[in-house]
Amino acid sequence: MGSFSEHSMNNHSSAAEKFIHNEDRVNWHDKALWFVREKRDVAASSVKGWEELRTLAAAIKAHTLSHLDEYLLQFEHEASANGARVHWAMNAEEHNEIVYNILRSRSTTLAVKSKSMLTEECGLNHFLERKGIEVVDTDLGERIVQLANEPPSHIVMPAIHKKREEIDELFHHHLNTERSGGNAEYLAREARKHLREKFLSAGAAMTGVNFAIAETGAVVVCTNEGNADMGVHAAPLHIACMGMEKIIPTTEHLGVFLRLLARSATGQPITAYTSFYRKPKPGCEMHIVIVDNGRSEQLARENFRSSLRCIRCGACMNTCPVYRRSGGYSYGFTIPGPIGSILSPGIDVKKYGSLPFASTLCGSCSDVCPVKIDIHAQLYAWRQIISTRHGASIGKRMIMSVAGIMFSHPALFRAAGIGGNFLQKVLPPVLINSAVRRWTKQRDLPEAPVQTFSQWYKKRKT
Amino acid sequence: MSRDPIIEKIRNAKPPDSSLPEIDVSRFSDESGKAETFIRNLESVGGRVVHISSRREISPQIAALFPDAKEIVSCVEGVDCGTIDTGKISSAKELEKLDLAIIEAHFGVAENGAVWVTDKNFFHRSIPFIAAHVVVVLQQEKIVENMHEACARLNEFHEGYGVFISGPSKTADIEQSLVIGAQGPLSLTVFLEY
């Protein structure tokens, strides 16, 4: 049995420690994301048949995954007939090489890029920069983190962890803006000027893909800022990079997803722009890169393949009590939060083995997921694999097994209530806290009540 | 070229057939007034609505609403307040200082205030994005209820490019503060024709 030390992996709780250190910031981050979650609730409840839409979306994706090879080939056929060039990449390295060769063939020195978590996953920016090609991220949030030399901390709101004063300072340093105390309108206007220069001088525009339609060969990209279109229509070359699970059968099916995506993500009824790129503009080139990079392995895992239904709305992050309080960077994976915690162990179970434990298993992620991925059940399933096959870190394993025994033995649970309260009252905090040190590192146990709930209930009944 | 190995891997990994569901669009119809819903939703995403009963009203209305606009492109037949010779434009760079673009929409969507425009509605794809302000002309009877109806209509379009536009460009990437006018237009006005 290949057990491994905690230090060989990317440990969520130690990474979260840095973030948790600043309590005001944690509260601010928590509130910002909960605000988005509440907007999602309002949007979802205003749609007649929302739950039915989720069921449909899940079934369409499940069907598509069960015929993935056929739909991808159909898509390739249609896209080629439209005049686009389709490329296939087995892994991140091949994806990066393909993109680089296309850019080099047109002697590109500057490329603009709209949001694409896939290119983050593949490490494309750094790869191209090493080859001497400048890449400018054009989504404001992505530009902010790019200037800060950081990865996105959220898949929809990449700079959600940044305070306005920090962005003010960053822009002052890199874009020569006046210090404004973090005036969002001023900073957004300055970014607009800066990015417009880049749009109009770039030799290529790269985009991600939200949906690829097998029936028509179109790729669909959703943005609020208009940055994908500003880039694509100005440059002679468009490269769209997509994970192979982005495919859907027909435009009719797209309607279901477009109703769910923005409402789940930010509470908007739809993004400002939903762009259908079907044919390159006259005299220009359009390339589509289809990427596997571990997806076919995930497809083979019966208990985890439904994670490939994900449409990257980020709702599971916004609602997750752990994500909201530990921040995107604590996960150490391109896709943070609950969905990232079930995708990442499939990529590297040793490196990401702590992530399925970064959850309370409250199930809120599954409740808000627009494609009904049973995220919390998969988190639990990964825990079992990791604990039995690889050996979880002792503290967590102990807590988990104790909790498991207690929940399955009500009498023991009641006794432990008395015992726990009793010990808490008679032992000094330092001793109690050292016993379950990992859990209480950032918290104190609550003060023990004079009687347990069961005692109170029994007394009240009599 | 990894096409064949990827397809092979998928064939070995994919689950057994899962059936494709029928979408019963009638389940999602809420029978609210389409024009009113469209207007309410467009305003909620930062757009503005101007009611007109004739296309002749468009040019004077634009002069009143955008008094400072110098470079104007009109892509709508019968609206001749354009100031730029569109035949000479071949690149986005030449549209850099565009103050206002006027385009026609094929149809609108009540549930989200979006309009559908395609290559047919402009002579350069940058037009709806690079202009500082955008005016969209939409006939009121061309509003569909929701994205199911909208996507069903897309089968009529075979253009190389099309886009649903719902309000002006926007961002909330700085501490969730909404700023209207991100990388695209600063404003979007729909002239709703009755």
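Heavy atoms only: backbone and side chains are in, while hydrogens, waters and symmetry mates are out. Protein chains get the first letters and strands the later ones, always in sequence-line order, with residue 1 at the start of each.
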Counting only heavy atoms closer than 4.5 Å, note whether B:Asn146 contacts chain A via side chain, backbone, both or neither.
side chain
Between A:Arg164 and B:Ser177, do the side chains contain a donor N or O and an acceptor N or O under 3.5 Å apart?
yes
4.5 Å side-chain heavy-atom contact, A:Met90 and B:Lys9
yes
A:His87 versus B:Arg3, side-chain donor and acceptor atoms under 3.5 Å
no
Which region of B:Pro185, side chain (C-beta onward) or backbone (N, CA, C, O), has a non-hydrogen atom less than 4.5 Å from a non-hydrogen atom of chain A, or is it both or neither?
both
Measuring heavy-atom distances to chain B, does A:Arg189 have an atom under 4.5 Å in its side chain, in its backbone, in both, or in neither?
side chain
With a 4.5 angstrom heavy-atom cut-off, could you sort out which part of A:Leu200 is near chain B: side chain, backbone, both or neither?
both
Check ion pair A:Asp69-B:Lys14 (N to O, under 4.0 angstrom)
yes
When the aromatic ring centroids of B:Tyr161 and A:Tyr277 are compared, is their separation below 6.0 Å?
yes
For B:Ser18 against A:Ser66, the heavy-atom pair lying closest together
N-OG, 3.1 Å
Cut-off 4.5 Å, heavy atoms of chain A, and the answer for B:Ser19 is backbone
Would B:Ser169 and A:Glu225 count as having a side-chain donor-acceptor pair, cut-off 3.5 Å?
no
Between B:Phe157 and A:Phe276, does the ring centre distance come in under 6.0 Å?
no
Only pairs of heavy atoms separated by less than 4.5 Å count here; which of A:Asp229, A:Thr251, A:Asp139 has the most with chain B?
A:Asp229
B:Gln183 and A:Thr138: side-chain donor and acceptor closer than 3.5 Å?
no
Heavy-atom cut-off 4.5 Å, strictly under: side chain, backbone, both or neither for A:Ser201 against chain B?
neither
Work out which heavy atom in B:Ala13 is nearest to a heavy atom in A:Ser296; give both atom names and the distance.
CB-O, 3.4 Å
Any idea which heavy atoms bring B:Ile6 and A:Ala89 closest together, and the distance?
CD1-O, 3.4 Å
Examine whether an atom of B:Asp30 lies under 4.5 Å from a heavy atom of chain A, and if so say whether it belongs to the side chain, the backbone or both; otherwise answer neither.
both
Which residue out of A:Glu52, A:His67, A:Arg301 racks up the most heavy-atom pairs below 4.5 Å with chain B?
A:Glu52
Here the pair of heavy atoms bringing A:Thr271 nearest to B:Ser166 is O-CB, 3.8 Å
Measure A:Gln298 against the heavy atoms of chain B and call it side chain, backbone, both or neither at under 4.5 Å.
neither
With a 4.5 angstrom heavy-atom cut-off, could you sort out which part of A:Glu252 is near chain B: side chain, backbone, both or neither?
both
Could you pull out the closest heavy-atom pair between B:Val179 and A:Ala188, with the gap in Å?
CG1-CB, 3.8 Å
Okay, B:His158 and chain A: the region with an atom under 4.5 Å from a heavy atom over there is both
